[in-house]
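Structure first, then comments.
Remember, it's a predicted structure, so these values are computed and weren't measured experimentally. The chains referred to below are lettered A, B, ... by the order of the sequence lines, with proteins before strands, and numbering in each begins at 1.
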2 protein chains.
Amino acid sequence: MTNPQPARRRVPRNTLNRERVLGAAVDLLDHAGPDAFTMRALAQRLGVGTMAVYSHFKGKDEIIDAVRERLLAEVELPPAGSGRTPREELRELCRAVYRLLSDHPSVLHLLTVRPVHGDEGTAVVERIVGLLLATGLDRPAAARAQTALMQYTVGAALWTARGRQRAGGHEDPGAALRTRFAELPAERYPHLVDLAPELASAQDGLPQYEHGLDALLGGLLAGY
Amino acid sequence: MTNPQPARRRVPRNTLNRERVLGAAVDLLDHAGPDAFTMRALAQRLGVGTMAVYSHFKGKDEIIDAVRERLLAEVELPPAGSGRTPREELRELCRAVYRLLSDHPSVLHLLTVRPVHGDEGTAVVERIVGLLLATGLDRPAAARAQTALMQYTVGAALWTARGRQRAGGHEDPGAALRTRFAELPAERYPHLVDLAPELASAQDGLPQYEHGLDALLGGLLAGY
DNA sequence: ACCTGAACACCGTTCAAGT
DNA sequence: ACCTGAACACCGTTCAAGT
């Protein structure tokens, strides 16, 4: 909270720049959530007047775009041609995207709240499409497969974030769901009451994502 | 014995109720989008002072919950045991959920912005789990499959809504993406430039969803 | 060029008051 | 019980002014 006091020395007045603003924005988003991501809170975290930020960004929307671009660029592309099969590389690439979205739930919100304008994440898409073609898919099938993989990845990350949000703190995200389902009237919801523990176990983030991802990849690449 | 109504010529003062408020809220959300969904705008649409709504709902959050519940309850469950195979019923059920989310993009926003507390959509989940068990999946596999199907459905609907939002009006959602990809530097993004038309075609909503859904179902039910 | 405080037009909601 | 207007504490952003 308290920023490092830069001594009483005559500190250069212009200690603010785009980089510092973006860093504080990511911190604020990841730590306090989208609702607390305010221009005023951002400026306060930077130890500066609210309007100082406007000297480096046109407005909040430009900051949102920049944050999204910065985080999407952070996806670690696995080294190419490491002797694995295209399908294994695909798996790892998708997991990297999921990990990013899962580590920074704020990006999901930014993706939802504002359409993508720039070339953010383009490198990842290029790589995935290339791998899909390498497995033998024809061009329309590769395009549909790429879209389906991204759709599932975004949905799974959103689902996980929603679960964490609902659980509040550090508790097990499935716990609330288990008790909720277990307490349902068994006449109307026999399967949910019965499968409450299993459904709760399926809220475990990465393992669940991998289960669905393998099924999806299996279906998309069937026969290749 | 229906009592003869007093039939006062005088128009009843209290013409506002929860039902009317919810109807206006859905209209406002679907027509003007989440940003325009304001308590003041809602009241104005109802021809009433802003605070009148607070006589029927505790606040905006309660309206959000009620709208979500109302729309999720609208998912048309296909008639049970219509002679089709469980897999065909599963497909139709998932398509119904997708259609609802696609027709009312606002629900997606409501799902993102606020965790689910009530039993909304529980009936659909019950049905899907039952069908998955009927295909022969064991309990953990059925739970994971149910979660994966919902994750993919939410992600696909969100993707489609995002594309429509980016396209602005009634244009082809893939058009913008096609030109954007086609104009990329071909040295860095050879596949994207090459597959721009196919990737644009994959932004067509329901057909793309069905492609991914069939792949996912195929992978989840492989061997059963 | 960079930063500031006051001010404007919004927002959700509280409150005291009307019927 | 239902509805109202004024007011409060927020928000993003404009503006004129400081350095």
**Study point:** Length of the line joining B:Gln44:CD and D:dC3:C1', which is rounded to integer Å
**Key:** 17 Å
Review point. Just the dot-bracket of DNA chain D, please: which string comes out with Watson-Crick or G-U pairs under 3.5 Å, [ ] for crossing, | for another strand?
Key: ||.|||||...|||||.||
Check your understanding: Any side-chain donor-acceptor pair under 3.5 Å between B:Thr160 and B:Tyr98?
Key -> yes
Point to revise | Greater than 12 external heavy atoms within 6.0 Å of B:Gln44's CD | key: no
Check your understanding: Which pairs count as salt bridge (Lys or Arg N to Asp or Glu O under 4.0 Å) when at least one residue sits in residues 186-195 of chain A, sequence neighbours excluded?
Key -> A:Asp194-B:Arg139
Review point. Is it true that a side-chain atom of A:Arg162 and a backbone atom of B:Leu111 form a donor plus acceptor pair closer than 3.5 Å?
Key: no
Point to revise | Footprint string (nucleotides 13-19 of chain D, 5' to 3'): B base within contact, S backbone only, - free, heavy atoms under 4.0 Å | key: BB-----
Point to revise | Integer-rounded Å distance: C:dC10 P and B:Leu42 CG | key: 18 Å
Point to revise | Salt-bridge criterion met for A:Arg99 and A:Glu92 (N-O under 4.0 Å) | key: no
Check your understanding: Is the A:Tyr209 ring parallel, tilted or perpendicular to the A:Tyr152 ring (thresholds 30°, 60°)?
Key -> parallel
**Study point:** cation_pi(B:Arg18, B:Phe57) dist<6.0 Å, angle<=45
**Key:** yes
Check your understanding: When the distance from CZ of B:Phe57 to P of D:dC3 is rounded to whole Å, what number comes out?
Key -> 12 Å
Check your understanding: Roughly, in whole Å, what's the span from CZ in B:Arg20 to C1' in D:dC2?
Key -> 14 Å
Practice item. Could you tell me the separation between the CG atom of A:Asp35 and the C1' atom of C:dG12, rounded to a whole number of Å? Key: 12 Å
Review point. Within the side chain of A:Glu126, is there an N or O that forms a donor-acceptor pair under 3.5 Å with the backbone of B:Leu192?
Key: yes
Exercise for review: Give a yes/no answer on whether the side chain of B:His56 brings an N or O atom under 4.0 Å of OP1 or OP2 in D:dC3.
Suggested key: yes
Check your understanding: Is the distance from OP1 or OP2 of D:dA1 to the nearest side-chain N or O of B:Ser55 less than 4.0 Å?
Key -> no
